[in-house]
Amino acid sequence: MNTPACPAALLAELLAALLVALSPAPGILIPGGSSPAALVAPAFGAVAAFPAAPELVISRSGVRGSPRAGPVAAPSWSWPLRPRPAVLRAFDPPAKPWLSGHRGVDVEAAHDGAPVISPAAGTVSFVGIVVDRPVITIDHGNGLRSSFEPVASALTAGSAVAEGDVLGQVQTGHCGPAPPCLHWGVRRGEEYVNPLAFVTDMRPSVLLPPLESGPG
């Protein structure tokens, strides 16, 4: 005669079966290559591990999950102007690729001809005129590219640059006669992302409850 399984054991088996069913879905990552069933200890004898959070990408509506884009987490790049510039116009991409919007940020330069600094190491992939203004694009690898305009540069495509290297000088015209400004755009693949996410911590803040004071 079989002894009926206890409710806790049955629940553990159901959870294990559910994890097995979900494991092929995009965004469900099993840490360390563990099997999904191993994440649920029999009869809750150990704390189960949870799948990793989906990767993040900055979009018009803020931070959203994206299984195909790399993570935008803590900032790790440098500002392209020194001293740290004011942001004159924020990132505001269009809802559809063919609509108008602002696919980067405009940052204020200290003066005309201010040096533009490479925010991260990479390779120059383009230098030239787009429509009526000089543009330079840096390929940072991992599908990330920065574009800056209007920038006069003596560099050529294929030149390697390190973080902090001078790419060129800001030219007038993008923000009108004053103040001089630099337009900075970043793309991951073909998707525009917020450049400020690479230099400013834009992760959501987590509010913690106040600490309770001890007796006395």
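All values below were derived from every heavy atom in this structure, side-chain atoms included, with hydrogens, water molecules and symmetry-related copies excluded.
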- Message: Working note: R145 + E190, criterion salt bridge (charged side-chain N to carboxylate O under 4.0 Å, His left out); need CA distance, chi angles, decisive distance, verdict.
- Response: CA-CA 10 Å; R145 288 172 290 166; E190 297 304 315; 3.5 Å; yes
Say you draw a straight line from [atom1] of [X] to [atom2] of [Y]; how long is it, rounded to the nearest 0.5 Å?
X: W77; Y: I117; atom1: CH2; atom2: CD1; answer: 15.0 Å
X: W184; Y: L81; atom1: CH2; atom2: CG; answer: 9.5 Å
X: C181; Y: Q171; atom1: SG; atom2: CD; answer: 12.0 Å
X: E149; Y: D132; atom1: CD; atom2: CG; answer: 9.0 Å

- Query: How far apart are the C-alpha atoms of L196 and F91, what are their side-chain angles, what is the distance that settles it, and do they pass the side chain to side chain contact (heavy atoms under 4.5 Å, CB included) test?
  - Reply: CA-CA 8 Å; L196 298 185; F91 179 64; over 6 Å; no
Common cluster, [X]/[Y], ILVMFWY with side-chain heavy-atom separation under 4.5 Å:
X: V87; Y: V151; answer: yes
X: W79; Y: L182; answer: yes
X: L88; Y: F198; answer: no
X: L155; Y: V116; answer: yes
X: I136; Y: V131; answer: no

What I'd like to find out is whether the side chain of [X] reaches to under 4.5 Å of the side chain of [Y], using heavy atoms alone.
X: Y192; Y: S147; value: no
X: V124; Y: T156; value: no
X: T137; Y: R187; value: no

Looking at every heavy atom in both [X] and [Y], which two are closest together, and how far apart are they?
X: L167; Y: S153; result: O-OG, 2.5 Å
X: S118; Y: H140; result: OG-CE1, 4.4 Å
X: A110; Y: A114; result: N-CB, 4.4 Å
X: S78; Y: V199; result: O-CG1, 3.5 Å
X: P180; Y: D112; result: CB-OD1, 3.1 Å
X: C175; Y: D106; result: SG-OD2, 4.2 Å

- Could you walk me through whether V186 and L144 pass the side chain to side chain contact (heavy atoms under 4.5 Å, CB included) check? CA-CA 7 Å; V186 176; L144 290 170; 4.3 Å; yes
